S.K.: 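Have a look at this one.
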Amino acid sequence: MKRGIVPGTFDPITSGHLDIIERAAGLLDEIVVGVALSPDKGGGPLFTAGERVALIEAATAHLSNVSVRGFDTLLVDFADEVGATVILKGLRAMTDFEREFQMAALNWRLDSHVETMFIMAIPEYMYLSSSAVKEIARHGGSVKGLVPDAVYEVLPQKLSQAR
Ligand code: PNS
């Protein structure tokens, strides 16, 4: 039984994230999507931790070997807690590489029993990010197809509440 983690902030989950989760679910027996509850990112998340978890659960309802959990610890400690030995991450354009390379090296230094593996984003999602999605929606552009339907339905209302 091989269990892996797909970690992230997911503020909110995009179609690119979902593609990586679906492909990860096809590679390993079980996938736990790990939602960083208090991400070290400026400004704080738009969606609450509960909302981010619920949106991922809705988007992955068709995947029987995927579960979603929040975490507020080191990623390697979360991996240990859920019994995962692999961290799976999506890799987009070159700009991701340096940050991901650093995180993979540090995670290996913290716990060399947990292996990091990367799944290349498909060209369609290579330049997609949660921040780009929020920026497009904030300016009234359509994000249809760029995010799962559950996110598409709530994003405009969430952005208007945050104004
Ligand atoms: O979606 P993101 O923001 O790129 O995800 C980053 C995340 C949550 C995977 C990363 O910040 C993380 O692993 N946070 C947990 C804290 C930790 O373990 N930090 C040490 C690794 S450098």
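Keep in mind the model is a prediction, meaning the values are calculated, not measured. Indexing begins at 1, ligand by ligand and atom by atom, following the structure's order.
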S.K.: For Glu100 and ligand 1, does the shortest N/O to N/O distance drop below 3.5 Å?
M.R.: no
S.K.: Return the minimal non-hydrogen interatomic distance between Leu88 and Pro7, and the atom names on each side.
M.R.: O-CD, 3.4 Å
S.K.: Mind checking whether Thr73 has a heavy atom under 4.0 Å from ligand 1?
M.R.: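 Distance cut 4.0 Å: Thr73 passes for ligand 1.
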S.K.: Within a distance under 4.0 Å of any heavy atom of Gly8, pick out the atoms of ligand 1 and give their elements.
M.R.: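 Answer for ligand 1: 1 (O), 5 (O).
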S.K.: May I ask you to check whether over 12 heavy atoms, not counting those of Glu81, lie within 6.0 Å of atom CD?
M.R.: yes
S.K.: Counting N and O atoms only, with roles assigned by atom type, does the side chain of Asp72 sit under 3.5 Å from a partner on the main chain of Leu37, one being a donor and the other an acceptor?
M.R.: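 Such a contact is absent between Asp72 side chain and Leu37 backbone.
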S.K.: I'd like to know if the side chain of Ser15 and the backbone of Gly145 have a donor-acceptor N/O pair within less than 3.5 Å.
M.R.: yes
S.K.: Taking 4.0 angstrom as the limit and counting only heavy atoms of Asn107, give me the atoms of ligand 1 inside it, by number and element.
M.R.: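 Near Asn107, the atoms of ligand 1 are 21 (C).
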S.K.: Just wondering, are more than 12 heavy atoms of other shown residues or ligands nearer than 6.0 Å to CE in Met120?
M.R.: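 Count over threshold, so yes.
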S.K.: Using a 4.0 Å cut-off to any heavy atom of Met103, which atoms of ligand 1 qualify?
M.R.: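 In order of number, 10 (C), 22 (S).
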S.K.: Between Gly34, Ala36, Pro45, which one has a non-hydrogen atom sitting closest to atom 8 (C) of ligand 1?
M.R.: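 The residue whose heavy atom sits nearest atom 8 (C) of ligand 1 is Ala36.
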S.K.: For ligand 1, which is the ligand I care about here, please tell me if Leu75 has any N or O atom under 3.5 Å from one of the ligand's N or O atoms.
M.R.: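 Yes - when backbone and side-chain N and O of Leu75 are compared with those of ligand 1, one distance drops under 3.5 Å.
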S.K.: Looking at Lys89, which atoms of ligand 1 are within less than 4.0 Å of one of its heavy atoms?
M.R.: 9 (C)
S.K.: Between Arg52 and Pro12 (side chain of the first, backbone of the second, donor and acceptor by atom type, cut-off under 3.5 Å), is there such a pair?
M.R.: no
S.K.: Strictly under 4.0 Å, does any heavy atom of Gln102 approach an atom of ligand 1?
M.R.: no
S.K.: Could you check whether the rings of Phe71 and Phe78 sit parallel, tilted or perpendicular, using 30° and 60° as the cut-offs?
M.R.: parallel
S.K.: For Phe71 and ligand 1, answer yes if some heavy atom of the residue is under 4.0 Å from a ligand atom, otherwise no.
M.R.: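 So Phe71 counts as touching ligand 1.
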